[in-house]
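Worksheet: the structure to be examined is printed underneath.
Throughout, a chain's letter reflects where its sequence line sits, starting with A, and its residues are numbered from 1.
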Amino acid sequence: MTGGRTVGGETLPGAGGEDADAPDRVVCHVDMDCFYASCERLRHDDLDGEPVVVGMGYEPGESIGAVATASYEAREFGVESAMPISEALELLPRRADADPDDPDAPDPAETGRYLPVDLDFYEAVASEVKDVLRDCADTRREVSIDEAYLDVTDRTAWTVAGSGGGDGDDGVDGADPADPPPSGAAGPAEARTLAEGYARHVKERIEREAGVPASVGVAPNMSAAKVASDADKPDGLVVVPPGSVAEFLAPLPTADVHGVGPVTERKLAELGVETAGDLAAADRDRLAEALGERGPELSRRAAGDDDREVTPTGLPKSLSRESALPTTPDEATKRETVSALAADVARRARERGCLYRTIGIKAVEPPYDVNTRAKSLPGPVDDPDLVEEVALDLLAEFDETPVRKLGVRVSKLDFAETDQATLGGFDAGEDAGGGSGDTGDRTRGAGARTTATDGDGGKLTDWVDGEPTAEETDRDATGDDAERRTGDGQASLGDWS
DNA sequence: TCTGGGGTCCTAGGACCC
DNA sequence: TCTGGGGTCCTAGGACCC
């Protein structure tokens, strides 16, 4: 019954292919417009219409740090994400520096407002956005604080809605979920679909209920929806119906394809592949030679062929912390930095109730040579002292090396509940009466015991792994260590449990 | 492009086991 | 023991994304 009518006509080579029977899905990609800046506007009325720059590592009045988000007004001055604040200030001086009495001071009309990142506040706003999304779609994947995919196939359809303004008595039956407003439809389709109306409904609800603008892309698959949401930012709504995906993508530069970065773009250009259309049509064996398996995959995406399901965001795979420093070979400075980073990573891991089995560092040498070192433990642990010890140990290799940035990471995470006494039949430690987890370290029964008793530890993985299933691990966000840090349950990588 | 911070996934080589 | 292949794990690095 979801016989999704194809609007853009033309059967496309390759697209659809063998799964012609599969019903077309309706995927929305929701992308907040310069999210941090929009959040700041939400609480500072006077920022409306102003160039706004939100800087990370930025302190008011200083010029260190990097641009996290620039409002569209600020982008007009050339300010971009990831740009050093010092550079942004040259393009767009700070409003506070505009002094009417000083002839050398910048013209206020050519200045902007600079604010430091306030992640807690943005997360609070993001959670209101999530509330809307949860309401609008059963299947969601949150990619970052300001971006999500929704599979709304069962909420709407690719059916063409009544083309007039009023309720046309065309063949379309069923209650349309949202009133398709008459205003400017974007997208290659001439006719409006129910899907478009639904997407508009989602977009308007976000703006109304969370107070921040979003751009939305709608398409029969994830990668096309992603490109669509990007195609008319800010405040865009772009609809790409089944059958017109390849046509929509074809003229775009390869860099617009999700997964094509600077390196891949250059390699593709060397092959004479400049547009998504070129990429779709390119010989896939040649792409594989030049780019590995990713090549043919990118080609399929560019052809509108992407059958990935929208799957809920999982638990994180690693936690890390890094920080830049003035380039230095000084051993004490480096060790202090790594110790602090290690403590922070370990604290975050504990807060999230996760154990880790691999500890690693990163040391960046000028000009920008990234070195990583890692060490795996016999079993999963939660042990801040050990994180520091291993990290410092790995750092020793770089004792003589000048570095500009250092990082610490834990990976091979294990979110099994710490009270999982059943696992090994052990009491998982002595923290029975403890309470607020200030015990030095905790180790899951398995790891602790083996670490203590047998040196080679090699077999441990056999039964440490494979034990926690997805369903079991889902529960982590709810209970344990989250304690007082309420509302933070789905901190940055928000998981929809 | 003189590069900030937090992530993901992929690849490739070596060790080790059978 | 110069010798075949397959599988898994670990480490390091690269590319990409927001």
Side-chain angles (χ1 to χ4, degrees), chain A residues 29 31-36 54-58 64-70 78 80-88 91 116-117 119 122 126 141-148 223 226-227 229-230 254-268 288 291-295 297-298 308 313-327 341 344-345 348 357-378 394 397 404-413 456-462 464-466 491-495:
Chain A
H29 182 255
D31 201 342
M32 301 298 143
D33 301 322
C34 52
F35 185 59
Y36 293 180
V54 181
M56 85 182 108
Y58 168 76
I64 51 166
V67 175
T69 301
E80 292 171 8
S81 264
M83 177 179 280
I85 292 288
S86 54
E87 195 181 334
L91 298 164
V117 166
L119 213 48
Y122 310 151
R141 181 184 186 85
E142 222 202 36
V143 183
S144 68
I145 191 170
D146 65 350
E147 204 188 314
S223 54
K226 164 78 182 166
V227 176
S229 74
D230 234 26
T254 55
D256 283 11
V257 177
H258 197 52
V260 177
V263 176
T264 306
E265 183 186 18
R266 180 173 42 72
K267 287 182 183 168
L268 288 172
L291 303 169
E293 266 320 293
R294 252 164 29 89
E297 183 57 33
L298 291 171
R308 288 173 301 158
T313 320
L315 295 163
K317 304 280 197 294
S318 67
L319 296 173
S320 68
R321 192 91 159 76
E322 59 188 65
S323 107
L325 57 167
T327 300
L341 295 170
D344 200 76
V345 168
R348 280 165 56 210
R357 213 163 83 68
T358 298
I359 297 164
I361 63 157
K362 169 161 139 178
V364 181
E365 293 177 56
Y368 205 77
D369 292 331
V370 180
N371 299 281
T372 61
R373 296 294 181 270
K375 182 169 167 45
S376 287
L377 308 166
L394 293 169
E397 183 186 334
R404 65 187 302 164
K405 183 191 270 196
L406 289 165
V408 173
R409 163 188 314 258
V410 294
S411 54
K412 291 212 177 11
L413 303 186
D456 78 27
K459 303 296 180 283
L460 190 62
T461 52
D462 292 337
V464 165
D465 283 351
S492 49
L493 291 132
D495 43 275

Could you tell me whether the side chain of [Y] reaches within less than 4.5 Å of the side chain of [X], counting heavy atoms only?
X: A:E147; Y: A:D31; result: yes
X: A:Y122; Y: A:D146; result: no
X: A:L315; Y: A:L413; result: no

Identify whether any heavy atom of [X] sits under 4.0 Å from a base atom; if not, whether one sits that close to sugar-phosphate; answer base, sugar-phosphate or nothing.
X: A:P366; value: nothing
X: A:A82; value: base
X: A:G57; value: nothing
X: A:K362; value: nothing
X: A:V364; value: nothing
X: A:T264; value: sugar-phosphate
X: A:R409; value: base

Inset, instruction - Apply side-chain contact (heavy atoms from CB on, under 4.5 Å) to A:T327 and list each qualifying residue two or more places apart in sequence or on a separate chain. - result: A:P366, A:P402, A:R404

Legend entry - Partners passing side-chain contact (heavy atoms from CB on, under 4.5 Å) against A:V263 (at least two apart in sequence or in another chain): A:R266, A:K267

Inset, instruction - Ignoring backbone atoms, test whether A:S323 places a side-chain nitrogen or oxygen under 4.0 Å from the OP1 or OP2 oxygen of B:dG4. - result: no

Inset, instruction - Please determine if a side-chain N or O atom of A:K405 lies less than 4.0 Å away from the OP1 or OP2 oxygen of B:dC2. - result: no

Side chain of [X] only, heavy atoms from C-beta on: which candidate in [options] is closest?
X: A:H258; options: B:dT8, C:dC18, B:dG5; result: C:dC18
X: A:S320; options: B:dG5, B:dG7, C:dC18; result: B:dG7
X: A:R321; options: B:dT3, B:dG6, B:dT8; result: B:dG6

Inset, instruction - Could you tell me which residues satisfy salt bridge (charged side-chain N to carboxylate O under 4.0 Å, His left out) with A:R409, sequence neighbours excluded, listed by chain and number? - result: none

Nearest whole angstrom, please: distance from the [atom2] of [N] to the [atom1] of [X].
X: A:Y36; N: B:dG6; atom1: OH; atom2: C1'; result: 10 Å
X: A:K226; N: B:dT8; atom1: NZ; atom2: C1'; result: 14 Å
X: A:I64; N: B:dC2; atom1: CD1; atom2: C1'; result: 17 Å
X: A:E147; N: C:dC17; atom1: CD; atom2: P; result: 11 Å
X: A:I85; N: B:dT3; atom1: CD1; atom2: P; result: 13 Å
X: A:Y58; N: B:dG5; atom1: OH; atom2: C1'; result: 19 Å
X: A:L325; N: B:dG5; atom1: CG; atom2: P; result: 9 Å
X: A:K412; N: B:dT8; atom1: NZ; atom2: P; result: 13 Å

Legend entry - Structure string for DNA chain C in dot-bracket form, Watson-Crick and G-U at under 3.5 Å, | interchain: ....||||||||||||||

Inset, instruction - Calculate, to the nearest 0.5 Å, the distance between atoms CD1 and CG belonging to A:I145 and A:L119 respectively. - result: 5.0 Å

Legend entry - CG-CD1 distance between A:L394 and A:I359, expressed to the nearest 0.5 angstrom: 8.5 Å

Inset, instruction - List the protein contact pattern of nucleotides 9-16 of chain B with one symbol per nucleotide (5' to 3'): B for base contact, S for sugar-phosphate-only contact, - for none; contact means a heavy-atom distance under 4.0 Å. - result: S-S-----

Legend entry - Residues in side chain to side chain donor-acceptor pair (under 3.5 Å) contact with A:Y36, at least two apart in sequence or another chain: none

Inset, instruction - List the atom of A:A70, the atom of A:C34, and the distance in Å for their closest heavy-atom pair. - result: O-CB, 3.6 Å

Inset, instruction - For the pair A:R141 (side chain) and A:G314 (backbone), establish whether a donor and an acceptor sit closer than 3.5 Å, ignoring hydrogens and angles. - result: no

Inset, instruction - Could you check A:E322 against A:P262 and say which one's nearest nucleotide on DNA chain B is further toward the 5' end? - result: A:P262

Inset, instruction - Identify whether a stacking contact exists between A:Y368 and B:dT3, where the ring centres must be under 5.5 Å apart and the planes under 30° apart. - result: yes

Inset, instruction - Quote, to the nearest angstrom, the C1' distance that separates C:dC17 from B:dC2. - result: 22 Å

